[in-house]
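Throughout, protein chains are lettered first and strands after them, A, B, ... in sequence-line order, and every chain is numbered starting at 1.
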2 protein chains.
Amino acid sequence: MPSDTRLSRMLHVLIHMDRHAGPVTSETIAGMLGANPVVVRRTMAGLKAAGYLTSVKGHGGGWTLTTPLDQITLRDIHEALGSPKIFAIGLADDDPKCLVEQAVNAALAETLDDAERRLLARFGEVTIGAIAHDFEHRMTEVCSGSPAEA
Amino acid sequence: MPSDTRLSRMLHVLIHMDRHAGPVTSETIAGMLGANPVVVRRTMAGLKAAGYLTSVKGHGGGWTLTTPLDQITLRDIHEALGSPKIFAIGLADDDPKCLVEQAVNAALAETLDDAERRLLARFGEVTIGAIAHDFEHRMTEVCSGSPAEA
DNA sequence: TTTCATGTAACTCTATTAGGTGCGTGAGGA
DNA sequence: TCCTCACGCACCTAATAGAGTTACATGAAA
């Protein structure tokens, strides 16, 4: 149901790429994400422009990670995606004449801006490498056979 | 440009209603908000159901505030509106089989849920009365010489 | 009984992400 | 050389959700 899944998808694919030697095609990535190859290229264009990966055309081409995952934060990816809108909630009018609405805007904007600053700061603290490490941990848990889980 | 402006608009209209004796029609409210009367009724239905105001049909009818503004928080209004989605960002798949995606989801969901909890907690601390008071302050600043009512 | 105002159903409009087709471009391989 | 693969991009459609709009029923007051 959520609208913008680009950040989530890029984290997912970057970790897969890190565990895969050699270039990966948009077709393969789309298969991993359950998405469309064109959407993959479209979304990854920003990460390429930001220098986190490269793309090569033709035979044996595809996408290659160029940056260690522990040097990329969630905030880096969010910004590489063009810093999409974070909140679904917003102000009715950004520059109203009504003083009441100005007061409402001041209160709401301050609260939302503060929440956004905190969230982006948190995004800046979490590296994709840390998530990849958590994945490794989940792997060992599943294969160690401690709890009977699917 | 933002999508969901209902909270913002409800704060705006509640403060106006608090400064206005007697019922206010949807038509009048729509004029204040630069919005549509039907949209106003649709949005305010939730606040009525939550008991913050009443509505009366027919001649001399309209909307009346029944609760002091310093007893209503932003969180109250948000919940009266049905607790709409706060974030425009979401997970690609809520229950993925891929362990990588599970790790991504765990990291992203924890960060977003934490941000949402903090934001809602903050909403719970801000009363509409406080915003109305800030408006009064803005009035005295603008009309420093002669006090005028809007 | 006429008028006014809410209550709702059932549309359209708008913005945004996502899905999809087609074609151009460039890099290898046969 | 020629063909195939894979990205790049233009341009469409689909799905979603808030907002706008029309139409009509309901109920209360003049």
[X] [atom1] - [N] [atom2] separation (whole Å):
X     : N      : atom1 : atom2 : answer
A/H59 : C/dG26 : NE2   : P     : 17 Å
A/L81 : C/dT16 : CG    : C1'   : 15 Å
A/R41 : C/dG20 : CZ    : C1'   : 11 Å
A/K48 : D/dC9  : NZ    : C1'   : 12 Å
A/L91 : D/dA19 : CG    : P     : 12 Å
A/L47 : D/dC7  : CG    : C1'   : 15 Å
B/N36 : C/dT8  : CG    : P     : 16 Å
B/E27 : C/dT3  : CD    : P     : 17 Å

Identify whether any heavy atom of A/R42 sits under 4.0 Å from a base atom; if not, whether one sits that close to sugar-phosphate; answer base, sugar-phosphate or nothing.
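Base: the residue A/R42, judged by heavy atoms under 4.0 Å, touches a nucleobase.
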
Describe the nucleic acid contact of B/G62 in one word from base, sugar-phosphate, nothing, applying a heavy-atom distance below 4.0 Å.
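If one applies the 4.0 Å heavy-atom cut-off, B/G62 turns out to touch the sugar-phosphate alone, with no base involved.
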
Taking only the side-chain nitrogens and oxygens of [X], find out if one of them lies under 4.0 Å from OP1 or OP2 of [N].
X     : N      : value
B/S26 : C/dA5  : no
B/S55 : C/dG7  : yes
B/S3  : C/dT16 : no
A/T25 : D/dC7  : no
A/K57 : C/dG24 : no

Which sits closer to the 5' end of DNA chain D, B/A35 or A/V38, going by the nucleotide each is nearest to?
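Its nearest nucleotide lies further toward 5', so the answer is A/V38.
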
Assess whether ring-ring contact (aromatic ring centres under 6.0 Å, His included) is satisfied between B/H137 and B/H133, documenting all intermediate values.
CA-CA 6 Å; B/H137 191 68; B/H133 194 266; 7.5 Å; no

Just wondering, do B/P96 and B/N105 contact through their side chains at under 4.5 Å, heavy atoms?
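Side chain of B/N105 against side chain of B/P96, heavy atoms only: contact under 4.5 Å found.
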
Worked check of side-chain contact (heavy atoms from CB on, under 4.5 Å) between A/I89 and A/L112
CA-CA 9 Å; A/I89 289 178; A/L112 291 176; 4.3 Å; yes

Residues A/S8 and A/T5: side-chain donor-acceptor under 3.5 angstrom
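No - no donor-acceptor pair under 3.5 Å links their side chains.
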
Residue met sooner reading DNA chain C from 5', once A/G34 and B/V56 are mapped to nucleotides
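Closest to the 5' end, via its nearest nucleotide, is B/V56.
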
Can a donor-acceptor pair under 3.5 Å be found between the side-chain atoms of B/R9 and the base atoms of D/dG18?
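Counting by modelled atom types and ignoring angles, no donor-acceptor contact under 3.5 Å is found here.
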
Sidechain-backbone polar pair: B/T66 side chain, B/G51 backbone, donor-acceptor under 3.5 Å:
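Flag set: sc B/T66 to bb B/G51 pair under 3.5 Å.
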
